[in-house]
Amino acid sequence: MDLRNKKLTEEEFFGIRKEVLTHWPTGSEVDLQEAVEYLKKVPDEKNFAKKLRKAKEEGVTLAQPRAGVALISEHIKLLNYLEDEGGADLLPSTIDSYTRQNRYNECQIGIDESLKAGRSLLNGFPAVNHGVKGCREVYESIKNPIQARHGTPDARLLSEIITASGWTSNEGGGISYNIPYAKSVSMEKTIRDWQYCDRLTGWYEEQGIELNREPFGPLTGTLVPPSISNTVAILEALLAAEQGVKNVTVGYGQCGNMVQDIAAIRALEEQTEEYLKRFGYSDVFVTTVFHQWMGGFPADEAKAFGVISVGAATAAMAGATKVIVKTPHEAIGIPTMEANAQGIRDTIMTLNMLKGQRMPMSPELQTEINIIKAETRCMLESVYEVGKGDFARGTVEAFKLGIVDIPFAPSKYNAGKMMPARDNSGAVRYLMTGNIPFTKDIIDFNKAKLVERGQFEKRDVTFQMTVDDIFAVGKGNLIGRPE
Ligand SMILES: CCC[C@H]1O[C@@H](n2cnc3c(N)ncnc32)[C@H](O)[C@@H]1O
């Protein structure tokens, strides 16, 4: 069947579903009617969608860590520690890399080896192998809502299992879990597979179960211009809404210039709502998530806390509904539960000190909001055009043509012709626009900002600036000044 941005019929959905549930034995544990009864018992305070709605209505920013280990008992211990000692408002389960690649056999070996070794030998929680039984044990042992966080191009079985288990949010999307995470998985396949995941959410919504979906905001997390990540987030929100998703959290990864970062969150929320309404999805509740610094971290823990606090402060001043927390072990790898809890306490202390405060509007902030919206609009309108009014087909075409182009992505389906660089204030600008169909005034705006930096640094505006910016943070700076 040709790819189209059309809600899957129940017949199409249940037809695909039969095969999906055979991908691993635990698929046979999923019984949708039984799962609906189970999910109806989820109390409001443990429902991800409802807790986000309440936070937005109260104007508070919730703190959520990443966390995942191989064994159920250890994972429960970890999550309990993060909510009790860390104070986490929302819980994850970060899913391991084998599961993300549907390599469940290797997950099983990882679980068995972890049991023998007495420690986690997987870099996350293997939810498919643990199945509904294991995931429900996790859900029943915690106090807060729980979400699957991963990077899975084909998340259909994973989504079935975690949702049936009372996990009321699922991260990912057909673009955001393909281009930054896979080398050679076609955009058409991941758009189609994530239509399935969204249709599953839509099916539960039709049974009266409120669930949250969260496109993955930061993408490659390396100098991603705000309008690129906002464009991807809005496309995934539109595709999800068509499948019946009613509660979506759009996300953005901190770039480092605070005014631009706050503008990105404001533009993202406003433009997501604008496009959802324009295309007839007026009943979708939109929240935002700000990801603390996704680039290289200092190994020194005191410096790492500085980076974490700036991210928390930016999220608060932006009025983001949720902030994803980093840890002082970021430079070395998977954090201990103590370090993870420290990152959460640092974040919550910062959020509390800034509670109720927002970055006031200013000419600078308005300028950044305007340029982000204008750039995003250029891309979205072009996707709609090349898709002849169909955002699914338009997305596939847009990546083929480089209309949307994510920097430093591993996927061979990404053009990789656009190059970013920071301007003299550290804001991320377009050094080369590749095939992105920006208007002249947008191109001129970005060029002028980079010329300003060149004049200050007494050097030409070249790709060397991009290279210097990539290495800058490892040297303790935001902007890669010439040595
Ligand atoms: C987009 C995700 C990258 C971030 O995701 C963190 N991350 C990955 N796996 C785990 C895990 N199992 N527990 C705690 N954090 C984890 C990394 O450190 C990085 O910051």
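We count ligands from 1, going down the list as the structure has it; atoms in each ligand are counted the same way. The first residue in the sequence is number 1, and the count goes up from there.
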K.L.:
On a heavy-atom basis, I'd like to know which of P92, S97, G221, A67 is closest to atom 13 (N) of ligand 1.
P.N.:
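Minimum heavy-atom distance to atom 13 (N) of ligand 1 goes to A67.
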
K.L.:
Centre of F285's six-membered ring, under 6.0 Å away, within 45 degrees of the axis: is that where NZ or CZ of R53 sits?
P.N.:
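Yes, a cation-pi geometry.
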
K.L.:
Under 3.5 Å, N or O to N or O, is T94 touching ligand 1 that way?
P.N.:
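No; the residue has no nitrogen or oxygen that sits under 3.5 Å from a nitrogen or oxygen of the ligand.
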
K.L.:
Taking only heavy atoms of F216 into account, list the atoms of ligand 1 that are under 4.0 Å away from them.
P.N.:
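That gives atoms 1 (C) of ligand 1.
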
K.L.:
Answer yes when R266 and E368 have at least one side-chain N-carboxylate O distance shorter than 4.0 Å, and no when they do not.
P.N.:
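No, R266 and E368 are not salt-bridged.
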
K.L.:
Do R156 and E160 meet the salt-bridge criterion of a basic N to acidic O distance under 4.0 Å?
P.N.:
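Looking at R156 together with E160, the answer is no, because their closest N to O distance does not fall below 4.0 Å.
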
K.L.:
Which residues pass the side chain to side chain contact (heavy atoms under 4.5 Å, CB included) test with T321, not counting sequence neighbours?
P.N.:
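With neighbours one apart ignored, the set is L52, A55, K56, T287, T288.
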
K.L.:
Counting only heavy atoms, which portion of Y181 has something under 4.0 Å from ligand 1: side chain, backbone, both, or neither?
P.N.:
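The answer is the side chain.
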
K.L.:
Give yes or no for whether the N/O distance cutoff of 3.5 Å, strictly under, is met between G333 and ligand 1.
P.N.:
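Between G333 and ligand 1, no N or O pair is found under 3.5 Å apart.
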
K.L.:
Fit a plane to each ring of F216 and Y177, take the angle between them on a 0 to 90° scale, and name the class: parallel (under 30°), tilted (30 to 60°) or perpendicular (over 60°).
P.N.:
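The arrangement is tilted - the two ring planes meet at 30° to 60°.
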
K.L.:
Counting heavy atoms only, which part of P335 comes closer than 4.0 Å to ligand 1: side chain, backbone, both or neither?
P.N.:
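It is the side chain that gets close, since no backbone atom is under 4.0 Å.
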
K.L.:
Return the residue, atom name and 0.1 Å-rounded distance of the protein heavy atom closest to atom 16 (C) of ligand 1.
P.N.:
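Looking only at protein heavy atoms, the one closest to atom 16 (C) of ligand 1 is R66 CB, 4.1 Å.
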
K.L.:
One thing to verify: whether R136 and E140 come together as a salt bridge, which I'm taking to mean a side-chain N less than 4.0 angstrom from a carboxylate O.
P.N.:
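So E140 does not pair with R136 through a salt bridge.
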
K.L.:
For atom 11 (C) of ligand 1, grab the closest protein heavy atom and report residue, atom and distance to one decimal in Å.
P.N.:
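Among all protein heavy atoms, the one nearest atom 11 (C) of ligand 1 is I334 CD1, 3.6 Å.
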
K.L.:
Provide the closest heavy-atom pair for S159 versus N170 in the form atom of the first, atom of the second, distance.
P.N.:
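Closest approach of S159 to N170, heavy atoms only: OG-ND2, 2.9 Å.
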
K.L.:
Can you report which non-hydrogen protein atom sits closest to atom 18 (O) of ligand 1, along with the distance?
P.N.:
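I find the closest protein heavy atom is E330 OE1, 2.8 Å.
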
K.L.:
Inspect the contact between D193 and K189 and indicate whether a charged nitrogen and a carboxylate oxygen are less than 4.0 angstrom apart.
P.N.:
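So K189 pairs with D193 through a salt bridge.
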
K.L.:
May I ask you to identify, for M294, whether its side chain, its backbone, both or neither come under 4.0 Å of ligand 1 on a heavy-atom basis?
P.N.:
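Near ligand 1, M294 shows its side chain, while the N, CA, C and O stay back.
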
K.L.:
K326 heavy atoms, cut-off 4.0 Å: which ligand 1 atoms fall inside?
P.N.:
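Numbered from 1, ligand 1 contributes 19 (C), 20 (O).
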
K.L.:
Report the part of T327 (side chain from C-beta onward, or backbone N, CA, C, O) that has a heavy atom under 4.0 Å from ligand 1; answer both or neither where that applies.
P.N.:
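T327 to ligand 1: no contact under 4.0 Å from either part.
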
